[in-house]
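For reference, the structure is listed below as structure tokens.
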Amino acid sequence: MTTIRAIRGMNDILPDESDRWQYLERTVADVLASYGYGEIRLPIVEQTALFRRSIGEVTDIVEKEMYSFDDRNGESLTLRPEGTAGCVRAAIQHSLLGTVQRLWYSGPMFRYERPQKGRQRQFHQIGVEVFGVATPEIDAELILMTARLWRELGIDGDVALQLNSIGSGSDRQAYRAALVSYLSGHLDALDEDSQRRLHTNPLRILDSKDPGTRAVLQQAPLLSDYLDEESRADFARVCELLDAASVPYVINTALVRGLDYYNKTVFEWVTDRLGAQGTVCAGGRYDGLVQQLGGKPVPGIGFAMGKERLVLMLEALQAAPLPAAPADVYVVNSGGSAECAAFAALESLRGALPGLRIVQHAGGGSFRSQMKKADKSGARWALIWGDDEVASASVTVKPLREQGEEQVTLPLAEVAAFLQRRRTPDTTTQGN
RNA sequence: GUGGCCGUAGCUCACCUGGUAGAGCACCGGAUUGUGACUCCGGAGGUAGCGGGUUCAAGACCCGUCGGCCACCCCA
């Protein structure tokens, strides 16, 4: 019998790692709440047409990376490859767009790509979207919020902000024509990928890594020369607000973003700690998208961060708190009536001391082997029930960590108070 | 989709130029009839990813295949 494995690129997150994930999720949720953002929970599956119409027909995502399938009624559905489209769809569907909306969501996304460090087929993002604000202070708000988040997470020293404006759709169209015209004159100096992109997504050529292509780009027309007045002014204002808040950034004129719906401000937080997939958070404005998907002409802006990549950062920088041992108290017993006594006493102990993590030994074995498990569990205390304790309605409390403390046998009625007195303010104990 | 490296015990790895598997850690039991950590003793655990080929003989060599990692591409 062949054993069944998880799908390539879709990983299990084991208890060792989930501590770090929870730390990330808690911290993000707290920061978002402190700026007044509300959580929206969205389906993982949407109509395929939603993504085709928003992300762009000629993007790699739509052309070859979507997990699409026919529903039983023949309708084409797709596992969401990103979150913005679904969020916009929900905002339109539920008429949320009459007022400003500050929203966030969290969950899995799916793209059929070759897995590598920081990239998998099922990956997890936290996304943030704001609808209904056309002015650039919201651009700055989002960026400031992410900057605060990196500080809270303790990774701010290892991420850098890149910023650009890609102007309006018509700015970009004019620029695209100029760029294609220029590059067409140097066709044989371009690498193979860039030659292909000349016809599909010419702006992506700007961030090519090929030295020959980069040389050609030296003399290429600049997108910034094609921006209209409003785009220039808004971008200048974003920079001004960031300066005022002392958030450092670098303007990267090659920064374009892969999805079609972006316009004006785009930004990326990048790191050199993660190998080739160094973008940890990215986003931008998408003022035409709501209308494009059938809503009123409401401006939008948003970003997404990759949870896997942030977790890798936390790990690399040892920024997350050490994982807590799973137990505060480990309970051993000699079976039979001692087991019954332990069960009864522990239920009332859990009621009396909420939050105290009490692990009851299961699976039998000698006291010796049970004590070994107690030690391995990282628990601070072992509670011991044997025949003597049952006979005297008491329990033995043995300290496993403290130096110099003796084990004591207490009447059952006093155990809760005893443990309560000795609980540290921070109830978590450090394990392994 | 393309390329490079790699698949030996649960984990990290060894077995040198082919002679039918070994260590450390982890796990289980014991030394200590009801008490962990250190130490000592013992035990279990592998059809060497899978399939084919070369050979008297393959974990070692060759081909294929599946899987992993990293990079290209793409992007969070």
Side-chain angles (χ1 to χ4, degrees), chain A residues 2-3 5-9 11 16 55 59-65 81-84 106-128 146 159 191-194 196-197 200-201 204-205 207-210 255-259 267-271 274-284 302-313 330 332-335 338 361 363-390 396-403 406-407 409 432:
Chain A
T2 53
T3 56
R5 302 175 43 91
I7 307 302
R8 173 198 272 246
N11 302 138
D16 271 6
I55 296 169
T59 57
D60 277 30
I61 293 178
V62 168
E63 278 185 342
K64 50 194 189 202
E65 295 180 358
E82 59 101 42
T84 301
S106 175
M109 308 291 166
F110 301 84
R111 291 180 200 169
Y112 188 88
E113 295 185 277
R114 190 78 165 258
Q116 70 181 76
K117 188 179 177 73
R119 188 173 80 182
Q120 40 282 123
R121 290 181 176 178
Q122 176 177 330
F123 60 105
H124 300 80
Q125 289 186 333
I126 295 172
V128 176
T146 53
V159 291
D191 63 284
E192 200 179 326
D193 281 321
S194 294
R196 174 178 53 78
R197 284 184 286 212
T200 56
N201 200 344
R204 301 284 329 183
I205 298 173
D207 56 14
S208 169
K209 291 169 184 167
D210 181 77
L255 181 62
V256 289
R257 313 285 25 259
L259 283 51
F267 67 94
E268 277 188 23
W269 287 95
V270 297
T271 179
L274 295 185
Q277 307 300 324
T279 302
V280 117
C281 171
F303 65 83
M305 53 192 123
K307 290 207 242 177
E308 281 82 0
R309 293 181 185 179
L310 288 168
V311 167
L312 284 172
M313 289 278 289
Y330 195 97
V332 310
N333 71 76
S334 60
H361 177 79
S366 64
F367 264 112
R368 174 186 153 76
S369 69
Q370 292 190 42
M371 284 304 297
K372 283 188 174 183
K373 299 264 170 51
D375 185 52
K376 291 247 164 60
S377 77
R380 203 174 148 196
W381 309 99
L383 257 49
I384 302 166
W385 263 278
D387 296 337
D388 297 348
E389 283 83 358
V390 173
T396 298
V397 182
K398 173 164 180 155
L400 298 174
R401 299 283 170 266
E402 262 82 349
Q403 304 278 359
E406 296 296 314
Q407 77 175 41
T409 299
N432 357 321

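So that the names make sense, note that chain A is the first sequence line, chain B the second, and so on, each numbered from 1. Just so we're clear, the structure is a prediction, and the values are computed from it rather than from any experiment.
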- Report the distance from atom CD of A/Gln125 to atom P of B/C74, rounded to the nearest whole Å. 18 Å
- Query: B/U35 base to A/Gln407 side chain: any donor-acceptor pair below 3.5 Å?
  - Reply: yes
- Task: Write down the distance separating the P atoms in B/A44 and B/G24, rounded off to the nearest Å.
- Result: 15 Å
- Note on the structure: In short, A/Gln277 meets A/Lys117 closest at the heavy-atom pair CG-O, 3.1 Å
- Message: Whole angstroms only, please: what is the CG-P distance between A/Leu383 and B/U35?
- Response: 17 Å
- What distance, rounded to whole Å, do you find between the two P atoms, one in B/G49 and one in B/A58? 15 Å
- Has the side chain of A/Arg204 got a donor or acceptor that lies under 3.5 Å from a partner of the other kind on the base of B/C74? no
- Query: Near A/Phe367 CZ, under 6.0 Å, is it more than 12 heavy atoms from other residues, nucleotides or ligands?
  - Reply: yes
- Query: Are the side chains of A/Glu82 and A/Leu259 in touch, meaning some heavy atoms are under 4.5 Å apart?
  - Reply: yes
- Message: Using a heavy-atom cut-off of 4.0 Å across all strands, would you classify A/Arg5 as base, sugar-phosphate, or nothing?
- Response: sugar-phosphate
- Tell me what A/Gln120 touches on the nucleic acid: a base, only sugar-phosphate, or nothing, going by heavy atoms under 4.0 Å. base
- Item | Whole angstrom value for the distance that separates C1' of B/G36 from OH of A/Tyr330 | 11 Å
- Ignoring hydrogens and angles, does a donor from either the side chain of A/Lys398 or the base of B/G36 sit under 3.5 Å from an acceptor on the other? yes
- Message: By the 4.0 Å heavy-atom rule, please label A/Lys373 as base, sugar-phosphate, or nothing.
- Response: sugar-phosphate
- Go through B/A76, B/G36, B/C73 for me and flag the one nearest to the A/Phe123 side chain. B/A76
- Task: Please evaluate the base of B/C73 for a donor-acceptor partner in the side chain of A/Arg196 within a cut-off of under 3.5 Å?
- Result: no
- Checking all strands, does A/Arg8 fall into the base, sugar-phosphate, or nothing category for heavy-atom contacts under 4.0 angstrom? sugar-phosphate
- Item | Pair of N/O donor and acceptor under 3.5 Å linking B/G30 base with A/Arg368 side chain | yes
- Proximity to the side chain of A/Tyr112 - top-ranked nucleotide from B/C72, B/G1, B/C75: B/G1
- d(CH2, A/Trp381; P, B/U35) in whole Å: 20 Å
- Determine the Euclidean distance between corresponding P atoms of B/U20 and B/A48; express it in Å to zero decimal places. 14 Å
- Please measure how far the C1' atom in B/G46 lies from the corresponding atom in B/G7, and state the result in whole Å. 14 Å
- Could you tell me whether the side chain of A/Trp269 reaches within less than 4.5 Å of the side chain of A/Met305, counting heavy atoms only? no
- Task: Could you measure between the two C1' atoms, the one in B/U55 and the one in B/A26, and give it in whole Å?
- Result: 39 Å
- Answer whether the closest heavy-atom distance between the side chains of A/Ser208 and A/Asp193 falls below 4.5 Å. no
- Using atom C1' of each nucleotide, how far apart are B/A23 and B/U17 to the nearest Å? 23 Å
- Distance in angstrom units between A/Arg380 CZ and B/A37 C1', rounded: 17 Å
- Describe the nucleic acid contact of A/Ala304 in one word from base, sugar-phosphate, nothing, applying a heavy-atom distance below 4.0 Å. sugar-phosphate
- Note: A/Lys372-A/Asp375 ion pair, threshold 4.0 Å (strictly below): no
- Message: Quick one, A/Tyr112 and A/Arg121 - any side-chain contact, counting heavy atoms below 4.5 Å?
- Response: yes
- Task: Rounded off to whole Å, could you give me the CD-to-P distance for the A/Glu82 and B/C75 pair?
- Result: 12 Å
- Message: Is there, by distance only and without an angle test, a donor paired with an acceptor across the side chain of A/Gln116 and the base of B/C73 below 3.5 Å?
- Response: yes
- Query: Under 4.0 Å between a side-chain N/O of A/Lys376 and OP1 or OP2 of B/G36, yes or no?
  - Reply: no
- Query: Is the shortest heavy-atom distance from the side chain of A/Ser106 to the side chain of A/Gln125 under 4.5 Å?
  - Reply: no
- Query: Start at the 5' end of RNA chain B and walk down; is the nucleotide closest to A/Trp269 or to A/Ser208 reached first?
  - Reply: A/Ser208
- With nearest nucleotides of RNA chain B determined for A/Ser366 and A/Asn201 from heavy-atom distances, which residue corresponds to the more 5′ nucleotide? A/Ser366
- Query: Please give, in whole Å, the distance from B/G3 P to A/Asp193 CG?
  - Reply: 14 Å
- Using a 4.5 Å cut-off on heavy atoms from C-beta on, say whether the side chain of A/Thr271 contacts that of A/Arg309. no
- Going by atom types only, do A/Thr279 and A/Glu268 share a side-chain donor-acceptor pair under 3.5 Å? yes
- Query: If we take the P atom in both B/G22 and B/G59, what is their distance in whole Å?
  - Reply: 14 Å
- Against the side chain of A/Asp375, the closest entry in B/C75, B/A37, B/C72 is B/A37
- Note on the structure: Of the candidates B/G34, B/G36, B/C72, the side chain of A/Ile384 sits closest to B/G34
- Task: Calculate the interatomic distance between A/Arg114 atom CZ and B/C69 atom C1'; express it in whole Å.
- Result: 11 Å
- For B/C74, does OP1 or OP2 lie under 4.0 Å from any side-chain N or O of A/Arg197? yes
- Note on the structure: Given Watson-Crick and G-U pairs under 3.5 Å, RNA chain B in dot-bracket ([ ] crossing, | other strand) is (((((((..((((.....[..)))).(((((.......))))).....(((((..]....))))))))))))....
- Query: OP1, OP2 of B/C74 versus side-chain N and O of A/Lys64: anything below 4.0 Å?
  - Reply: no
- Query: Side chains of A/Pro108 and A/His124: does their closest heavy-atom pair fall under 4.5 Å?
  - Reply: yes
- Query: Under 4.0 angstrom, heavy atoms only, what part of the nucleic acid is A/Gly275 near: base, sugar-phosphate, or nothing?
  - Reply: sugar-phosphate
- For atom C1', what is the distance between B/C61 and B/A57, given to the nearest Å? 13 Å
- Is the base of B/C75 touched by the side chain of A/Arg309 through a donor-acceptor pair closer than 3.5 angstrom? yes
